[in-house]
Amino acid sequence: MGEEKVTIPKKQELQHFVKNILNDVRVLEMMLEADVFDTETIRIGAEQEVCLIDKNGKPAMNSLQILEKANNPLFTTELAKFNLETNLNPLEFKGKCLSELEKNIIDLLGEIKTTAKEFDTNIILVGILPTIRKFDLDIENLTPIPRYHSLMQALAKLRGASIELNINGIDELLFKHDSPMLEACNTGFQVHLQVDPNDFATKYNIAQAIAGPALAVGTFSPLLFGKRLWAETRVALFQQSIDTRITGEHFRDKSPRVMFGNRWLEKSIIEIYKEDISRFRVLLRNTEEEDSMAKWLNGVTPHLKALQVHNGTVYRWNRPCYGVNNNVPHLRIENRVLPSGPTVKDEIANAALWLGLMNKLDDYYPNIANRLEFDDAKTNLFSAARNGLNNNFIWVDGKQIQSQELLLKELIPIAKEGLEKAKVNKNDVNYYFDLLAERVKSAKTGSNWMLNSFNKLMKETTKDEAISTIVENVVKNQNTEQPVHTWPLAEIDNFNTWNPDVFLVEEFMTTDLVTVQKDDIVELVSEMMDFKHVRYVMVEDEEHNLEGCVTARILLRWFNKKRITPKNEIVMVEEIMKKNPITITPTDTISKAIKIMDEQKIGCLPVVENNKLVGVITEYDFRKIASRLITRINNLKAKS
């Protein structure tokens with residue numbers, strides 16, 4: 001949603017703004033009928049989003065300072081203070097456009113990286129930064145720009161303040177947050193293709209048809225809050241974090257604002273705009289009004305500002321775009337499916353696949369809507385997001401085919417022909433498709449690399465160091481610009497700057513808890529401690545409010561006392577538990593936790609948020625941290 005000057009409309013303003021949207025649609029219909037759009041020069045473009053990280057690989061909240069210092073109009077803000085976006089200048093879709101796009105991105109990233117270093121900050125290309133914490137997504141880390149505040153307020157007004165995530169992968173994430181800032185976890189690489197308005201419906205349907213296969217080979221966001229979820233968790237996270245629907249007593253078909261769509265396009269881009277106007281309430285209005293009809297009638301190309309603002313609050317995975325360049329309008333399709341990273345080379349290879357198929361698939365399937373069911377195309381996208389290349393697609397004529405076979409035997413060859421048709425440099429075509437084919441053959445996508453690295457590291461160290469190590473290795477590999485299928489699995493560098501004393505309790509606490517309620521019998525606590533090999537059991541009520549704690553020492557005292565009490569006596573947890581135990585919050589530092597445990601001579605701290613039990617941190621957790629630090633110190637001594 002790129003319009004800067006927007007606000008939440010009041011009732012009368014809303015009515016007036018809706019009129020402007022409808023007026024813009026009428027003007028666009030007149031422009032299409034008059035055939036005034038640019039079709040002579042077809043261009044491609046891209047938007048590169050990056051995460052900012054500190055020396056520990058955690059989000060760095062200094063985007064505004066970096067942008068001010070860089071002073072480059074091609075750099076812009078994103079929703080959170082730890083994100084930036086680089087807008088690439090359009091290139092003609094021919095010749096060395098792919099290698100030029102790669103060079104332009106690398107040059108701009110180099111510039112922002114140099115500036116970021118002045119603030120002890122680095123950049124990383126990744127779909128979701130594995131080290132993001134709930135604390136990082138507080139509303140105070142929203143980029144302080146009016147349009148972002150207005151968007152957050154508008155979304156909260158429609159769906160309420162609380163957002164619930166429910167994402168199931170290898171692990172399960174059940175999570176509640178108080179703002180749509182969750183969307184800020186997502187970092188993408190958007191690719192644009194200018195299209196002839198007369199071909200828009202055909203091209204848009206192709207974009208929908210290939211969304212699943214294009215994503216399957218490019219996934220790079222399997223980890224969120226230390227959970228192994230979808231191969232491309234961005235898809236589930238984006239839809240759930242921006243979903244304004246609420247549950248009701250009756251079944252109603254409602255579309256989420258983050259959507260794939262509901263049907264094939266039949267004639268023109270107008271169908272999409274009309275559907276979005278019909279389905280989705282206006283969230284924002286632009287404060288700089290435009291009389292698009294008057295402009296059009298006076299020979300000036302309108303920017304259709306009202307329609308653009310509304311289009312910017314509906315997040316289709318393939319978004320229709322209207323633009324004006326030198327008073328000449330054009331139409332584009334924006335692919336929003338692909339994640340940022342793993343490297344710029346990998347991104348360009350992903351873009352090459354998409355662009356080539358967009359330019360050629362209709363020669364093989366003149367009307368893809370007649371050969372592929374829309375629901376199958378939609379299913380393919382979500383299957384790819386869940387499983388990456390480990391997936392079967394439903395392709396034309398209902399044929400089921402494994403993703404690697406579809407890509408290697410059909411889609412990559414067609415895409416190569418599509419780039420050759422556009423007269424893209426042959427060396428570029430061969431280079432990027434050789435890279436892509438090797439990734440598909442080896443099944444070494446960014447997500448597979450990250451998951452395999454995580455599973456390996458979890459056998460060696462703590463979860464926090466595992467994900468910090470992954471981030472460190474991603475940055476190191478990105479600096480080499482070697483494609484992801486050549487990356488070795490992440491290794492712990494004993495000389496890195498991992499420094500847990502500045503980290504938060506939520507990064508180290510145990511969340512897989514053994515709990516009881518106060519009316520349970522004491523023997524149950526004893527057996528549970530034995531079963532699970534733990535020394536502390538928390539006592540909570542049915543709403544997960546913390547009510548007490550039972551320790552091994554408390555149990556030992558009770559068993560000693562039990563020798564002189566009747567054998568058949570029933571004793572409940574409430575009678576022996578420690579009431580009102582000392583607690584700590586997830587956002588406290590582990591240094592504070594250590595200090596409390598040392599001063600109070602206790603070995604466990606329940607972690608609570610709004611009195612709800614969310615975790616436990618124990619002396620055992622600190623022993624693991626200390627072990628890693630001692631190993632690092634010994635290695636440093638040996639090196640010196």
Side-chain angles (χ1 to χ4, degrees), residues 169-170 191 202-222 230-236 260-265 317-318 333 335 337-339 346 349-421 429 432-449 451 484-485:
I170 299 174
V191 184
T202 297
K203 297 297 186 184
Y204 191 83
N205 288 343
I206 289 173
Q208 298 284 75
I210 64 176
L215 177 60
V217 71
T219 57
F220 195 38
S221 62
W230 291 13
E232 193 55 36
T233 304
R234 285 171 53 252
V235 172
F260 181 76
N262 298 297
R263 61 184 63 85
W264 294 117
L265 207 59
W317 290 110
N318 288 299
I333 296 173
N335 179 324
V337 168
L338 298 173
D346 290 307
N350 296 339
L353 175 67
W354 186 76
L355 292 167
L357 289 172
M358 289 289 289
N359 203 44
K360 186 65 179 179
L361 195 66
D362 54 333
D363 288 344
Y364 282 80
Y365 307 110
N367 189 344
I368 193 73
N370 290 337
R371 303 286 298 277
L372 179 65
E373 292 292 331
F374 183 86
D375 287 344
D376 289 339
K378 188 174 184 177
T379 298
N380 287 344
L381 173 64
F382 288 97
S383 295
R386 284 181 180 274
N387 306 310
L389 284 175
N390 185 26
N391 186 59
N392 290 329
F393 288 122
I394 305 173
W395 193 230
V396 293
D397 304 326
K399 177 184 178 182
Q400 293 203 24
I401 184 170
Q402 206 277 332
S403 60
Q404 289 165 290
E405 182 181 355
L406 176 63
L407 284 159
L408 291 171
K409 292 186 177 180
E410 181 169 358
L411 296 186
I412 288 178
I414 292 175
K416 290 183 71 172
E417 291 181 27
L419 294 185
E420 291 165 358
K421 178 181 176 182
V429 173
Y432 291 111
F433 279 114
D434 285 349
L435 184 157
L436 192 71
E438 286 303 314
R439 193 196 312 161
V440 175
K441 290 175 185 176
S442 63
K444 291 183 178 179
T445 62
S447 285
N448 286 345
W449 175 87
L451 283 175
V484 70
H485 69 270

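The residues of the chain are indexed from 1 along the displayed sequence.
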Legend entry - Gap between atom CG of L411 and atom CG of L357 - 0.5 Å precision: 5.5 Å
Inset, instruction - With side chain to side chain contact (heavy atoms under 4.5 Å, CB included) as the test, would you mind laying out the steps for D363 and K421 before giving the verdict? - result: CA-CA 11 Å; D363 288 344; K421 178 181 176 182; 3.1 Å; yes
Inset, instruction - Enter the distance from N390:CG to S447:OG here, rounded to the nearest 0.5 Å. - result: 12.0 Å
Inset, instruction - Calculate, to the nearest 0.5 Å, the distance between atoms CH2 and OG belonging to W395 and S403 respectively. - result: 12.5 Å
Inset, instruction - Could you tell me whether a side-chain N or O of Q402 sits under 3.5 Å from a main-chain N or O of L389, the two making a donor and an acceptor? - result: yes
Inset, instruction - Quick one: pull up CZ in R371 and NZ in K399 and give me the separation to the nearest 0.5 Å. - result: 11.0 Å
Legend entry - Side-chain H-bond candidate by donor/acceptor type, Y364 with E410, under 3.5 Å: no
Inset, instruction - Without swapping roles, check the side chain of T219 against the backbone of E232 for a donor-acceptor pair under 3.5 Å. - result: no
Inset, instruction - Find the distance between OG1 (T379) and CZ (F374) and round it off to the nearest 0.5 Å. - result: 10.0 Å
Inset, instruction - Determine whether Y365 and L372 make a side-chain contact, defined as any pair of heavy atoms from C-beta on separated by less than 4.5 Å. - result: no
Inset, instruction - Report yes if the side chains of L353 and I412 come closer than 4.5 Å at any heavy-atom pair, otherwise no. - result: yes
Inset, instruction - Measure the CG-CG distance between L265 and N318 for me, rounded to the nearest 0.5 Å. - result: 11.0 Å
Legend entry - Heavy-atom side-chain proximity of M358 to I210 below 4.5 angstrom: yes
Inset, instruction - Give a yes or no answer on whether the side chain of D346 reaches the backbone of V484 with a donor-acceptor pair at less than 3.5 Å. - result: yes
Inset, instruction - Would you check if the distance from the ring center of F260 to the ring center of W317 is below 6.0 Å? - result: no
Inset, instruction - For a side-chain hydrogen bond (donor to acceptor under 3.5 Å, both in side chains) with R439, tell me which candidate from T445, D434, N350 qualifies. - result: N350
Legend entry - E373 vs I394 side-chain heavy atoms within contact, under 4.5 Å: no
Inset, instruction - Begin from the C-alpha positions of I368 and V396 and carry the test side chain to side chain contact (heavy atoms under 4.5 Å, CB included) through to its verdict. - result: CA-CA 8 Å; I368 193 73; V396 293; 3.8 Å; yes
Inset, instruction - Write down the atom of A377, the atom of W264, and the distance for their closest heavy-atom approach. - result: CB-CH2, 4.0 Å
Inset, instruction - Count the heavy atoms belonging to other residues, nucleotides or ligands that lie under 6.0 Å from NZ of K444, then report whether that count exceeds 12. - result: no
Legend entry - Shortest non-hydrogen separation from L407 to P213 and the atoms involved: CD2-O, 4.0 Å
Inset, instruction - Determine whether H485 and L435 make a side-chain contact, defined as any pair of heavy atoms from C-beta on separated by less than 4.5 Å. - result: yes
Inset, instruction - Evaluate the side-chain proximity of V235 to R386: yes if any heavy-atom separation is below 4.5 Å, no if none is. - result: no
Inset, instruction - Could you check Q208 against L381 for side chain to side chain contact (heavy atoms under 4.5 Å, CB included), going step by step and ending with a plain yes or no? - result: CA-CA 9 Å; Q208 298 284 75; L381 173 64; over 6 Å; no
Inset, instruction - Indicate yes or no for a side-chain donor-acceptor contact from R234 to the backbone of V337 under 3.5 Å, with no hydrogens or angles considered. - result: yes
